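Everything on this sheet refers to the single structure shown next.
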Amino acid sequence: MKLPYHGAIDCDLHPAVPSTKALVPYLDDFWQDHLANRHIDRFGLTLSSNAPGLPISAREDWRPAQGLPGSDFELLRKQALDGFGLRYAICNVLHGAVALFNVDMAAALCTAVNRYVAKEWLDRDPRLRGSILVPPQNVDLAVAEIERCAGDKRFVQVMFLVMGDAPLGQRRYWPIFQAAEKHGLPIGVHAGSSFRQAPTGSGWPSYHLEDYLLQAPAFEDLIVSFLTEGVFQKFPGLKLVLAESGFTFLPTLLWRNNKVWRGARTEVPWIDRPPADIIRDHVRFTLQPVDAPDGKMLNRIFEHVGSDKLVLFSTDYPHPHFEGDDALPDGLSDDMIRRILIDNPLETYPRLRDAAGAANAQMNKEAVP
Amino acid sequence: MSRYVVAKAGEVAPGTSKLVTVKGREIGIFNVQGAYYALANTCPHEGGSLCEGRITGLVQSDGPGQYKLLRKGEFLRCPFHGWEFEVATGQSYCDPTSMRIRQFNVEVAPGEDVVKGPYVAESFPVSVEEEYLVVEV
Ligand code: FES
(Lines give C-alpha, C1' and ligand atoms only; values in the text may rest on other atoms or scores of the structure.)
Protein backbone atom coordinates (compact mmCIF):
# COMPACT_ATOMS: atom_id res chain seq x y z
CA MET A 1 0.00 0.00 0.00
CA LYS A 2 0.97 3.66 -0.31
CA LEU A 3 2.23 5.57 2.68
CA PRO A 4 -0.88 6.96 4.40
CA TYR A 5 0.76 10.25 5.41
CA HIS A 6 3.86 12.36 5.03
CA GLY A 7 6.74 12.29 7.47
CA ALA A 8 8.10 8.76 7.07
CA ILE A 9 11.77 8.16 7.70
CA ASP A 10 13.54 6.17 5.01
CA CYS A 11 16.37 4.25 6.67
CA ASP A 12 17.96 2.84 3.53
CA LEU A 13 18.23 4.79 0.31
CA HIS A 14 21.07 4.60 -2.20
CA PRO A 15 22.62 7.48 -4.04
CA ALA A 16 24.80 5.98 -6.75
CA VAL A 17 28.30 4.93 -5.77
CA PRO A 18 30.46 7.76 -7.15
CA SER A 19 33.11 7.05 -9.74
CA THR A 20 36.68 7.28 -8.52
CA LYS A 21 37.03 10.36 -10.68
CA ALA A 22 34.19 12.02 -8.81
CA LEU A 23 35.94 11.25 -5.53
CA VAL A 24 39.30 12.68 -6.56
CA PRO A 25 38.51 16.24 -5.43
CA TYR A 26 37.73 14.86 -1.98
CA LEU A 27 41.06 13.06 -1.61
CA ASP A 28 44.16 14.52 0.00
CA ASP A 29 47.01 15.60 -2.31
CA PHE A 30 49.01 12.42 -1.90
CA TRP A 31 46.10 10.15 -2.77
CA GLN A 32 45.03 12.30 -5.72
CA ASP A 33 48.52 11.97 -7.09
CA HIS A 34 48.91 8.32 -6.23
CA LEU A 35 45.61 7.24 -7.75
CA ALA A 36 46.44 9.17 -10.92
CA ASN A 37 49.93 7.59 -11.11
CA ARG A 38 48.45 4.15 -10.95
CA HIS A 39 45.45 5.02 -13.16
CA ILE A 40 43.17 3.94 -10.35
CA ASP A 41 41.23 7.14 -10.94
CA ARG A 42 39.82 5.49 -14.07
CA PHE A 43 38.74 2.45 -12.18
CA GLY A 44 35.26 1.97 -10.73
CA LEU A 45 35.59 0.67 -7.18
CA THR A 46 32.10 -0.77 -6.98
CA LEU A 47 31.21 -3.94 -5.12
CA SER A 48 30.37 -6.80 -7.45
CA SER A 49 27.19 -7.67 -5.57
CA ASN A 50 26.03 -4.11 -6.12
CA ALA A 51 27.12 -3.70 -9.74
CA PRO A 52 25.21 -0.82 -11.29
CA GLY A 53 24.81 -2.70 -14.57
CA LEU A 54 22.71 -5.45 -13.01
CA PRO A 55 19.00 -5.28 -13.87
CA ILE A 56 18.16 -5.45 -10.15
CA SER A 57 20.19 -2.31 -9.52
CA ALA A 58 17.27 -0.02 -10.36
CA ARG A 59 13.58 0.11 -11.09
CA GLU A 60 13.04 1.05 -14.73
CA ASP A 61 11.05 4.18 -13.91
CA TRP A 62 13.73 5.19 -11.43
CA ARG A 63 16.58 5.11 -13.94
CA PRO A 64 17.77 8.54 -14.94
CA ALA A 65 18.05 9.35 -18.66
CA GLN A 66 21.79 9.56 -18.14
CA GLY A 67 24.19 8.20 -15.59
CA LEU A 68 23.82 5.57 -12.93
CA PRO A 69 20.64 4.87 -11.01
CA GLY A 70 20.60 7.12 -7.96
CA SER A 71 23.08 9.58 -9.45
CA ASP A 72 20.58 12.30 -10.32
CA PHE A 73 19.74 14.40 -7.27
CA GLU A 74 16.68 16.06 -8.82
CA LEU A 75 15.21 12.71 -9.73
CA LEU A 76 15.89 11.30 -6.27
CA ARG A 77 14.32 14.37 -4.71
CA LYS A 78 11.24 14.13 -6.87
CA GLN A 79 10.78 10.37 -6.75
CA ALA A 80 11.92 9.52 -3.23
CA LEU A 81 11.97 12.56 -0.95
CA ASP A 82 8.88 14.26 -2.37
CA GLY A 83 7.36 11.15 -3.90
CA PHE A 84 7.10 9.36 -0.57
CA GLY A 85 6.75 12.54 1.49
CA LEU A 86 9.83 11.66 3.53
CA ARG A 87 10.91 13.57 6.59
CA TYR A 88 14.40 12.12 6.54
CA ALA A 89 16.23 9.65 4.32
CA ILE A 90 19.47 7.93 5.23
CA CYS A 91 21.88 7.68 2.31
CA ASN A 92 23.87 4.46 2.25
CA VAL A 93 26.72 4.61 -0.25
CA LEU A 94 28.39 1.21 -0.37
CA HIS A 95 31.74 1.91 -1.90
CA GLY A 96 34.28 -0.80 -2.71
CA ALA A 97 36.90 0.86 -0.47
CA VAL A 98 35.77 -1.44 2.30
CA ALA A 99 37.19 -4.42 0.39
CA LEU A 100 40.67 -3.09 -0.41
CA PHE A 101 43.74 -4.73 1.09
CA ASN A 102 45.69 -1.50 1.34
CA VAL A 103 44.18 -0.16 4.54
CA ASP A 104 45.51 3.37 4.08
CA MET A 105 44.02 3.60 0.61
CA ALA A 106 40.78 2.14 1.98
CA ALA A 107 40.68 4.77 4.72
CA ALA A 108 41.48 7.61 2.30
CA LEU A 109 38.69 6.51 -0.03
CA CYS A 110 36.21 6.11 2.83
CA THR A 111 37.03 9.66 3.91
CA ALA A 112 36.52 10.84 0.34
CA VAL A 113 33.17 9.05 0.10
CA ASN A 114 31.99 10.64 3.35
CA ARG A 115 33.13 14.09 2.24
CA TYR A 116 31.46 13.54 -1.13
CA VAL A 117 28.20 12.43 0.51
CA ALA A 118 28.18 15.48 2.79
CA LYS A 119 28.92 17.93 0.00
CA GLU A 120 27.13 16.47 -3.01
CA TRP A 121 24.10 15.06 -1.24
CA LEU A 122 23.51 16.20 2.35
CA ASP A 123 24.20 19.85 1.52
CA ARG A 124 21.54 19.73 -1.16
CA ASP A 125 18.53 18.83 0.92
CA PRO A 126 17.94 19.11 4.67
CA ARG A 127 16.00 15.87 4.63
CA LEU A 128 19.03 13.80 3.64
CA ARG A 129 21.14 12.04 6.24
CA GLY A 130 24.32 10.01 5.88
CA SER A 131 25.99 6.83 7.09
CA ILE A 132 29.68 7.00 7.89
CA LEU A 133 31.59 4.60 5.69
CA VAL A 134 34.60 3.24 7.60
CA PRO A 135 37.42 0.85 6.64
CA PRO A 136 36.60 -2.28 8.64
CA GLN A 137 40.01 -3.71 7.67
CA ASN A 138 41.66 -1.49 10.28
CA VAL A 139 40.03 -0.61 13.56
CA ASP A 140 42.19 2.43 14.36
CA LEU A 141 41.50 3.99 10.99
CA ALA A 142 37.80 3.21 11.31
CA VAL A 143 37.66 4.95 14.70
CA ALA A 144 39.55 7.94 13.31
CA GLU A 145 37.00 8.27 10.50
CA ILE A 146 34.11 8.14 12.97
CA GLU A 147 35.77 10.87 15.04
CA ARG A 148 36.35 12.96 11.92
CA CYS A 149 32.71 12.75 10.83
CA ALA A 150 30.95 12.73 14.20
CA GLY A 151 30.81 16.51 14.49
CA ASP A 152 28.51 16.63 11.46
CA LYS A 153 25.21 15.64 13.03
CA ARG A 154 23.76 14.77 9.63
CA PHE A 155 25.74 11.53 9.82
CA VAL A 156 23.49 9.28 11.83
CA GLN A 157 25.15 5.85 11.80
CA VAL A 158 28.31 3.90 11.00
CA MET A 159 28.10 1.56 8.02
CA PHE A 160 29.49 -1.96 7.43
CA LEU A 161 28.89 -4.85 5.07
CA VAL A 162 27.52 -7.99 6.63
CA MET A 163 30.44 -10.15 5.49
CA GLY A 164 33.97 -8.98 6.20
CA ASP A 165 37.22 -10.26 7.65
CA ALA A 166 35.78 -11.79 10.79
CA PRO A 167 32.55 -11.94 12.77
CA LEU A 168 31.89 -8.29 13.51
CA GLY A 169 30.96 -8.74 17.17
CA GLN A 170 34.51 -9.79 18.10
CA ARG A 171 36.47 -7.75 20.63
CA ARG A 172 38.95 -6.46 18.09
CA TYR A 173 36.12 -4.28 16.70
CA TRP A 174 35.04 -2.86 20.04
CA PRO A 175 36.86 0.46 19.77
CA ILE A 176 34.58 1.15 16.79
CA PHE A 177 31.49 0.40 18.83
CA GLN A 178 32.78 2.48 21.71
CA ALA A 179 33.21 5.49 19.41
CA ALA A 180 29.81 4.88 17.82
CA GLU A 181 28.03 4.59 21.16
CA LYS A 182 29.75 7.71 22.45
CA HIS A 183 28.48 9.76 19.49
CA GLY A 184 24.96 8.32 19.41
CA LEU A 185 25.57 6.42 16.18
CA PRO A 186 23.97 3.01 15.61
CA ILE A 187 26.00 0.37 13.77
CA GLY A 188 24.36 -0.10 10.38
CA VAL A 189 25.14 -3.32 8.57
CA HIS A 190 24.15 -3.68 4.96
CA ALA A 191 23.86 -6.75 2.78
CA GLY A 192 27.10 -7.29 0.89
CA SER A 193 30.51 -8.84 1.26
CA SER A 194 34.13 -7.85 0.97
CA PHE A 195 34.62 -11.46 -0.23
CA ARG A 196 37.41 -12.13 2.23
CA GLN A 197 35.47 -15.22 3.22
CA ALA A 198 33.13 -17.49 1.33
CA PRO A 199 29.51 -16.72 2.14
CA THR A 200 28.98 -20.31 3.25
CA GLY A 201 30.78 -22.22 5.96
CA SER A 202 31.85 -24.83 3.45
CA GLY A 203 33.32 -22.82 0.62
CA TRP A 204 32.46 -20.79 -2.44
CA PRO A 205 29.08 -21.22 -4.07
CA SER A 206 28.67 -21.42 -7.84
CA TYR A 207 25.89 -18.98 -8.64
CA HIS A 208 24.91 -15.38 -8.11
CA LEU A 209 21.57 -16.65 -6.90
CA GLU A 210 23.32 -18.36 -4.01
CA ASP A 211 25.25 -15.24 -3.19
CA TYR A 212 21.99 -13.32 -3.05
CA LEU A 213 20.17 -15.85 -0.88
CA LEU A 214 23.12 -16.37 1.44
CA GLN A 215 22.93 -12.81 2.73
CA ALA A 216 20.17 -13.77 5.15
CA PRO A 217 22.17 -16.46 7.00
CA ALA A 218 25.10 -14.04 7.11
CA PHE A 219 22.87 -11.61 8.99
CA GLU A 220 21.88 -14.38 11.38
CA ASP A 221 25.58 -15.08 11.97
CA LEU A 222 26.11 -11.40 12.66
CA ILE A 223 23.34 -11.23 15.25
CA VAL A 224 24.69 -14.33 16.97
CA SER A 225 28.19 -12.83 16.96
CA PHE A 226 27.06 -9.55 18.56
CA LEU A 227 25.03 -11.49 21.09
CA THR A 228 27.57 -14.09 22.18
CA GLU A 229 30.51 -11.70 22.20
CA GLY A 230 28.54 -9.56 24.64
CA VAL A 231 28.63 -6.38 22.55
CA PHE A 232 25.31 -5.22 23.98
CA GLN A 233 26.43 -5.83 27.56
CA LYS A 234 29.58 -3.85 26.94
CA PHE A 235 27.80 -1.06 25.02
CA PRO A 236 24.27 -0.95 26.38
CA GLY A 237 23.44 2.17 24.39
CA LEU A 238 24.33 0.60 21.05
CA LYS A 239 21.79 -0.31 18.38
CA LEU A 240 22.49 -2.62 15.46
CA VAL A 241 20.55 -1.80 12.28
CA LEU A 242 20.45 -4.47 9.60
CA ALA A 243 19.74 -3.14 6.13
CA GLU A 244 18.32 -5.40 3.43
CA SER A 245 18.60 -8.38 5.71
CA GLY A 246 14.96 -9.42 5.62
CA PHE A 247 13.52 -10.45 8.96
CA THR A 248 11.35 -13.51 8.44
CA PHE A 249 14.19 -15.63 9.82
CA LEU A 250 13.66 -14.00 13.21
CA PRO A 251 11.08 -16.29 14.86
CA THR A 252 13.28 -19.36 14.55
CA LEU A 253 16.46 -17.43 15.31
CA LEU A 254 15.00 -16.03 18.53
CA TRP A 255 13.54 -19.33 19.60
CA ARG A 256 16.68 -21.34 18.93
CA ASN A 257 18.87 -18.81 20.69
CA ASN A 258 16.71 -18.93 23.79
CA LYS A 259 16.62 -22.70 23.73
CA VAL A 260 20.33 -23.27 23.36
CA TRP A 261 21.17 -20.54 25.86
CA ARG A 262 19.32 -22.45 28.56
CA GLY A 263 21.77 -25.31 28.47
CA ALA A 264 24.95 -23.62 27.25
CA ARG A 265 24.85 -20.21 28.87
CA THR A 266 27.69 -20.87 31.33
CA GLU A 267 30.18 -20.55 28.46
CA VAL A 268 29.04 -16.97 27.84
CA PRO A 269 27.68 -15.97 31.25
CA TRP A 270 27.48 -12.28 30.34
CA ILE A 271 24.33 -13.20 28.45
CA ASP A 272 22.36 -12.68 31.61
CA ARG A 273 18.84 -12.88 30.21
CA PRO A 274 17.13 -14.76 27.41
CA PRO A 275 18.89 -13.84 24.14
CA ALA A 276 15.64 -13.02 22.37
CA ASP A 277 15.07 -10.20 24.86
CA ILE A 278 18.51 -8.76 24.12
CA ILE A 279 17.97 -9.00 20.37
CA ARG A 280 14.57 -7.30 20.68
CA ASP A 281 16.16 -4.46 22.62
CA HIS A 282 19.12 -3.83 20.35
CA VAL A 283 18.64 -5.08 16.79
CA ARG A 284 16.57 -3.37 14.10
CA PHE A 285 15.74 -4.24 10.49
CA THR A 286 14.99 -2.10 7.47
CA LEU A 287 11.74 -2.90 5.68
CA GLN A 288 12.59 -3.32 1.99
CA PRO A 289 13.02 -5.81 0.51
CA VAL A 290 10.22 -7.40 2.53
CA ASP A 291 10.85 -11.13 2.61
CA ALA A 292 7.33 -12.27 3.50
CA PRO A 293 4.76 -13.24 0.89
CA ASP A 294 1.78 -11.27 2.23
CA GLY A 295 0.44 -9.19 5.09
CA LYS A 296 -1.17 -12.13 6.84
CA MET A 297 2.14 -13.96 7.02
CA LEU A 298 3.92 -10.79 7.99
CA ASN A 299 1.59 -10.21 10.92
CA ARG A 300 2.11 -13.76 12.10
CA ILE A 301 5.84 -13.18 12.02
CA PHE A 302 5.52 -9.99 14.07
CA GLU A 303 3.40 -11.94 16.51
CA HIS A 304 6.04 -14.67 16.84
CA VAL A 305 8.76 -12.07 17.23
CA GLY A 306 6.79 -10.44 20.03
CA SER A 307 7.65 -6.83 19.27
CA ASP A 308 6.43 -4.02 17.02
CA LYS A 309 9.65 -2.05 17.45
CA LEU A 310 12.01 -3.95 15.21
CA VAL A 311 11.26 -2.78 11.68
CA LEU A 312 12.34 0.55 10.23
CA PHE A 313 10.83 1.96 7.08
CA SER A 314 12.99 1.91 3.96
CA THR A 315 12.41 2.23 0.24
CA ASP A 316 15.82 0.94 -0.84
CA TYR A 317 15.47 3.47 -3.65
CA PRO A 318 16.38 3.03 -6.53
CA HIS A 319 16.38 -0.75 -6.21
CA PRO A 320 13.20 -2.45 -7.38
CA HIS A 321 11.21 -4.16 -4.66
CA PHE A 322 7.65 -2.92 -5.13
CA GLU A 323 5.38 -1.44 -7.77
CA GLY A 324 4.35 2.19 -7.99
CA ASP A 325 4.28 3.93 -4.61
CA ASP A 326 3.36 0.82 -2.66
CA ALA A 327 6.34 0.93 -0.35
CA LEU A 328 4.39 -0.60 2.55
CA PRO A 329 3.20 -4.19 2.55
CA ASP A 330 -0.58 -4.63 2.76
CA GLY A 331 -2.36 -5.76 5.88
CA LEU A 332 -0.46 -3.91 8.62
CA SER A 333 -2.37 -2.26 11.47
CA ASP A 334 -2.38 1.52 11.76
CA ASP A 335 -0.30 1.28 14.91
CA MET A 336 2.26 -0.92 13.23
CA ILE A 337 2.45 1.42 10.24
CA ARG A 338 3.13 4.38 12.48
CA ARG A 339 5.80 2.46 14.37
CA ILE A 340 7.54 1.41 11.17
CA LEU A 341 7.34 4.77 9.41
CA ILE A 342 8.17 7.12 12.29
CA ASP A 343 8.45 5.87 15.87
CA ASN A 344 10.90 3.04 15.35
CA PRO A 345 13.37 5.08 13.29
CA LEU A 346 13.25 7.92 15.81
CA GLU A 347 13.79 5.54 18.71
CA THR A 348 16.69 3.90 16.89
CA TYR A 349 18.62 6.96 15.71
CA PRO A 350 19.40 9.44 18.51
CA ARG A 351 20.54 12.04 15.97
CA LEU A 352 17.26 11.90 14.06
CA ARG A 353 15.43 12.20 17.35
CA ASP A 354 17.44 15.30 18.24
CA ALA A 355 16.90 16.83 14.80
CA ALA A 356 13.16 16.10 14.87
CA GLY A 357 12.92 17.48 18.41
CA ALA A 358 14.75 20.66 17.45
CA ALA A 359 12.59 21.09 14.33
CA ASN A 360 9.40 20.62 16.33
CA ALA A 361 10.56 23.11 18.95
CA GLN A 362 11.33 25.59 16.21
CA MET A 363 7.90 25.10 14.68
CA ASN A 364 6.21 25.65 18.03
CA LYS A 365 8.25 28.81 18.58
CA GLU A 366 7.26 30.14 15.18
CA ALA A 367 3.62 29.29 15.85
CA VAL A 368 3.58 31.55 18.91
CA PRO A 369 2.48 35.02 17.68
CA MET B 1 1.09 -37.77 53.24
CA SER B 2 3.37 -40.19 54.96
CA ARG B 3 6.91 -39.92 56.13
CA TYR B 4 9.39 -42.42 54.80
CA VAL B 5 12.75 -43.30 56.19
CA VAL B 6 15.03 -43.41 53.17
CA ALA B 7 18.64 -43.46 54.35
CA LYS B 8 21.04 -43.14 57.18
CA ALA B 9 22.08 -39.52 57.48
CA GLY B 10 25.77 -40.41 57.09
CA GLU B 11 25.11 -42.12 53.78
CA VAL B 12 24.71 -38.84 51.91
CA ALA B 13 27.92 -36.88 52.35
CA PRO B 14 28.13 -33.13 51.66
CA GLY B 15 28.40 -32.48 47.93
CA THR B 16 26.79 -35.80 46.96
CA SER B 17 23.34 -37.22 46.37
CA LYS B 18 21.56 -40.51 46.74
CA LEU B 19 18.77 -41.81 44.61
CA VAL B 20 15.92 -43.48 46.55
CA THR B 21 12.56 -44.84 45.52
CA VAL B 22 9.53 -44.00 47.60
CA LYS B 23 6.07 -45.25 46.63
CA GLY B 24 7.45 -46.05 43.19
CA ARG B 25 8.75 -42.53 42.80
CA GLU B 26 12.43 -41.73 42.26
CA ILE B 27 13.70 -39.03 44.57
CA GLY B 28 17.19 -37.59 44.84
CA ILE B 29 18.44 -36.73 48.31
CA PHE B 30 21.11 -34.00 48.14
CA ASN B 31 23.46 -32.82 50.84
CA VAL B 32 24.56 -29.23 50.29
CA GLN B 33 27.05 -28.28 52.98
CA GLY B 34 25.20 -30.25 55.63
CA ALA B 35 21.67 -29.26 54.59
CA TYR B 36 19.51 -31.95 53.01
CA TYR B 37 17.14 -31.47 50.08
CA ALA B 38 14.86 -33.95 48.35
CA LEU B 39 14.05 -33.40 44.68
CA ALA B 40 12.15 -35.48 42.16
CA ASN B 41 14.67 -37.25 39.96
CA THR B 42 12.84 -36.01 36.88
CA CYS B 43 13.90 -32.86 35.10
CA PRO B 44 10.92 -30.58 34.44
CA HIS B 45 12.22 -30.04 30.91
CA GLU B 46 12.20 -33.49 29.37
CA GLY B 47 12.62 -35.86 32.24
CA GLY B 48 16.40 -36.20 32.56
CA SER B 49 17.61 -38.14 35.61
CA LEU B 50 18.82 -35.30 37.77
CA CYS B 51 20.81 -37.49 40.16
CA GLU B 52 23.11 -38.30 37.26
CA GLY B 53 23.78 -34.61 36.67
CA ARG B 54 26.83 -32.74 37.91
CA ILE B 55 26.68 -30.77 41.11
CA THR B 56 28.17 -27.42 40.32
CA GLY B 57 28.16 -23.73 41.20
CA LEU B 58 26.56 -20.69 39.71
CA VAL B 59 28.49 -19.08 36.85
CA GLN B 60 28.11 -15.31 36.78
CA SER B 61 29.81 -12.48 34.94
CA ASP B 62 30.48 -8.79 35.30
CA GLY B 63 30.85 -8.40 31.55
CA PRO B 64 32.25 -10.07 28.43
CA GLY B 65 35.35 -12.11 29.24
CA GLN B 66 34.69 -12.03 33.00
CA TYR B 67 33.86 -15.32 34.67
CA LYS B 68 33.00 -16.08 38.30
CA LEU B 69 32.03 -19.36 39.88
CA LEU B 70 29.85 -18.56 42.90
CA ARG B 71 27.96 -20.72 45.40
CA LYS B 72 29.93 -23.88 44.64
CA GLY B 73 27.99 -27.07 45.21
CA GLU B 74 24.60 -25.37 45.33
CA PHE B 75 23.52 -26.04 41.75
CA LEU B 76 22.70 -29.08 39.72
CA ARG B 77 23.08 -29.48 35.98
CA CYS B 78 20.69 -31.78 34.18
CA PRO B 79 22.60 -34.45 32.24
CA PHE B 80 20.24 -34.21 29.25
CA HIS B 81 20.45 -30.60 28.05
CA GLY B 82 22.46 -28.85 30.71
CA TRP B 83 19.83 -26.70 32.37
CA GLU B 84 20.90 -25.51 35.81
CA PHE B 85 18.81 -25.84 38.95
CA GLU B 86 19.26 -24.47 42.43
CA VAL B 87 19.25 -27.50 44.71
CA ALA B 88 17.77 -25.63 47.68
CA THR B 89 14.68 -24.44 45.80
CA GLY B 90 14.47 -26.67 42.72
CA GLN B 91 14.21 -23.53 40.59
CA SER B 92 15.79 -23.50 37.16
CA TYR B 93 18.20 -20.68 36.41
CA CYS B 94 16.82 -20.08 32.91
CA ASP B 95 13.15 -19.83 33.81
CA PRO B 96 12.83 -19.81 37.60
CA THR B 97 9.13 -19.10 37.85
CA SER B 98 7.77 -21.73 35.52
CA MET B 99 10.50 -24.37 35.36
CA ARG B 100 11.26 -25.96 38.71
CA ILE B 101 11.94 -29.40 40.06
CA ARG B 102 9.32 -30.90 42.34
CA GLN B 103 10.55 -30.73 45.94
CA PHE B 104 9.80 -32.87 48.97
CA ASN B 105 10.32 -32.19 52.63
CA VAL B 106 13.27 -34.03 54.07
CA GLU B 107 14.50 -33.96 57.61
CA VAL B 108 16.98 -35.66 59.86
CA ALA B 109 15.30 -37.67 62.59
CA PRO B 110 17.02 -39.43 65.48
CA GLY B 111 16.71 -43.23 65.54
CA GLU B 112 14.59 -43.24 68.71
CA ASP B 113 11.85 -41.19 67.02
CA VAL B 114 11.98 -43.25 63.89
CA VAL B 115 11.61 -46.49 65.86
CA LYS B 116 8.52 -45.08 67.59
CA GLY B 117 6.78 -44.02 64.39
CA PRO B 118 4.64 -42.85 62.69
CA TYR B 119 7.34 -43.41 60.07
CA VAL B 120 7.19 -45.91 57.25
CA ALA B 121 10.38 -47.94 57.36
CA GLU B 122 9.30 -51.48 56.55
CA SER B 123 12.24 -52.37 54.40
CA PHE B 124 14.73 -50.39 56.36
CA PRO B 125 16.40 -51.64 59.52
CA VAL B 126 16.46 -48.81 62.03
CA SER B 127 18.48 -48.54 65.18
CA VAL B 128 18.08 -46.07 68.03
CA GLU B 129 21.73 -44.99 67.94
CA GLU B 130 21.74 -43.50 64.45
CA GLU B 131 20.17 -40.57 62.62
CA TYR B 132 17.97 -41.05 59.59
CA LEU B 133 16.73 -39.05 56.63
CA VAL B 134 12.98 -38.92 56.49
CA VAL B 135 11.11 -37.81 53.39
CA GLU B 136 7.51 -36.72 53.31
CA VAL B 137 5.63 -37.97 50.26
S1 FES C 1 15.73 -32.85 30.38
FE2 FES C 1 16.79 -31.70 31.79
S3 FES C 1 17.55 -30.09 30.64
FE4 FES C 1 16.40 -31.16 29.23
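In this text the structure is predicted, and so the values were computed from the model without any measurement. What you see below is based on every heavy atom in this structure, not just the backbone, and it leaves out hydrogens, waters and symmetry mates.
Each of Gly65(B), Pro64(B), Cys94(B), Cys78(B) has some count of heavy-atom pairs under 4.5 Å with chain A, and the biggest count is that of Pro64(B). Here Gly263(A) is the residue among Pro274(A), Gly263(A), Gly230(A) with the most heavy-atom pairs under 4.5 Å with chain B.
A cation-pi arrangement is found for Arg196(A) relative to Phe101(A), the charged atom lying closer than 6.0 Å to the ring centre and inside a 45° cone about the ring normal.
Interface remark: Arg171(A) contributes side-chain atoms only to the contact with chain B (heavy atom separation under 4.5 Å). Only the side chain of Tyr93(B) comes within less than 4.5 Å of a heavy atom of chain A; its backbone N, CA, C and O stay farther away.
In this structure a side-chain-to-backbone donor-acceptor pair under 3.5 Å is missing from Arg172(A) to Leu168(A). Looking at His190(A), its side chain never comes within 3.5 Å of a backbone N or O of Glu244(A) through a donor-acceptor pair.
Atom CD of Gln137(A) is separated from atom CG of Asp104(A) by 10.5 Å, given to the nearest 0.5 angstrom.
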